[in-house]
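Working notes, structure below.
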Amino acid sequence: MARILVAEDDPSVRAFVVSALTMKGHDVVAEEDGGLAAETMEAEGGKFDLLLSDIKMPVMDGIALALQVGAAFPDVTIVLMTGFADQRERAHGLEALVYDVIVKPFTLAELLAKVDDALEGRPVEVLSLARQAREE
């Protein structure tokens, strides 16, 4: 299974994500903000398969973390999480760096599917707004 670094400042979301990924068999390291996650990534020499980070966090947000990790460790796949539409827009333009953004709240199945897709390098399915409206 994969080695995953999780950066999430909300303790309940962090616990949910870590528990879900651990139950799936992944080796998970979790940090409560982007600054600590950046330090961990650096200390571990980028030896992670995936960075799963919230966007809006204190100290260092997920965008800055993604930019730093992407520059230093380009082989690490990056998935961002957010519950804020304006934060999702901030990730726009980082397509070359970030695999995808998963929107909170998400289900266990949605989280695991997105992580599996990212780790396997499957293309991100882009839905038109009309199709999204029909599916809701």
Side-chain angles (χ1 to χ4, degrees):
M1 299 274 51
R3 187 148 193 260
I4 300 173
L5 176 59
V6 173
E8 170 60 62
D9 62 318
D10 183 312
S12 60
V13 175
R14 187 171 60 247
F16 171 77
V17 169
V18 168
S19 177
L21 296 173
T22 302
M23 284 189 327
K24 181 83 183 209
H26 297 297
D27 177 19
V28 181
V29 176
E31 297 294 358
E32 62 189 44
D33 67 56
L36 291 171
E39 290 175 13
T40 297
M41 183 66 74
E42 188 67 35
E44 297 282 333
K47 301 250 186 291
F48 289 94
D49 301 297
L50 179 72
L51 168 64
L52 180 60
S53 176
D54 189 16
I55 293 178
K56 191 171 184 175
M57 293 183 293
V59 182
M60 176 187 280
D61 71 10
I63 301 292
L65 177 60
L67 290 169
Q68 183 173 328
V69 169
F73 308 104
D75 292 338
V76 176
T77 301
I78 302 170
V79 174
L80 298 177
M81 306 177 283
T82 189
F84 301 94
D86 64 323
Q87 297 300 314
R88 184 180 172 94
E89 290 303 313
R90 287 185 56 221
H92 183 72
L94 297 177
E95 290 86 359
L97 186 62
V98 175
Y99 174 79
D100 202 3
V101 178
I102 185 169
V103 179
K104 296 177 188 174
F106 45 77
T107 66
L108 174 68
E110 290 168 335
L111 171 66
L112 294 178
K114 184 62 67 182
V115 167
D116 285 348
D117 288 349
L119 290 170
E120 293 176 18
R122 290 189 194 113
V124 176
E125 181 180 2
V126 178
L127 298 178
S128 69
L129 291 177
R131 185 169 166 203
Q132 284 179 14
R134 275 197 314 259
E135 289 184 1
E136 291 177 354

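Everything quoted here is computed from the prediction, not taken from an experiment.
- In this structure, CD on Glu31 lies 12.5 Å from CE on Met60, to the nearest 0.5 angstrom.
- Taking CD1 from Ile102 and NZ from Lys104, the interatomic distance works out to 10.0 Å, rounded to the nearest 0.5 Å.
- When every heavy atom of Ala118 is checked against every heavy atom of Leu50, the shortest pair comes out as CB-CD1, 4.2 Å.
- Every pair tested for salt bridge (Lys or Arg N to Asp or Glu O under 4.0 Å) that includes a residue from residues 32-43 fails, sequence neighbours excluded, so the list is empty.
- The structure places NZ of Lys56 at 15.0 Å from CE of Met81, a figure rounded to the nearest 0.5 Å.
- For the pair Phe48 and Val76, the tightest heavy-atom approach, listed with the atom from each and the gap, is O-CG2, 3.4 Å.
- Proximity of Val6 to Val28: side-chain heavy atoms (C-beta onward) are separated by under 4.5 Å at one or more points.
- Summarising the geometry, atom CG belonging to Leu112 is positioned 11.0 Å from atom CG belonging to Asp117; distances are rounded to the nearest 0.5 Å.
- Distance check: Phe16 CZ to Glu8 CD gives 11.5 Å after rounding to the nearest 0.5 Å.
- For Asp27, the salt bridge (Lys or Arg N to Asp or Glu O under 4.0 Å) partners at least two apart in sequence or on another chain are Arg3.
- Residues Asp49 and Ala2 share a closest heavy-atom pair of OD2-CA, 3.3 Å.
- A donor-acceptor contact shorter than 3.5 Å links the side chain of Tyr99 to the backbone of Arg122.
- The shortest heavy-atom contact between Ile78 and Gly70 is CD1-N, 4.1 Å.
- Side chain of His26 to main chain of Met1: no donor-acceptor pair is present (N/O by atom type, distance under 3.5 Å, no hydrogens or angles).
- Screening Leu80, Leu65, Thr40, Thr77 against Leu51 for a side chain to side chain contact (heavy atoms under 4.5 Å, CB included) leaves a single residue, Leu65.
- Taking each heavy atom of Asp54 and Thr82 in turn, the nearest pair found is OD1-CA, 4.0 Å.
- Proximity of a side-chain donor or acceptor of Glu110 to a complementary backbone N or O of Thr107 within less than 3.5 Å is detected.
- Residues Val17 and Leu36 do not share a hydrophobic cluster, clusters being chains of Ile/Leu/Val/Met/Phe/Trp/Tyr side chains in contact below 4.5 Å.
- The two atoms that bring Leu111 and Leu52 nearest to each other are CD1-CD2, 3.9 Å, heavy atoms only.
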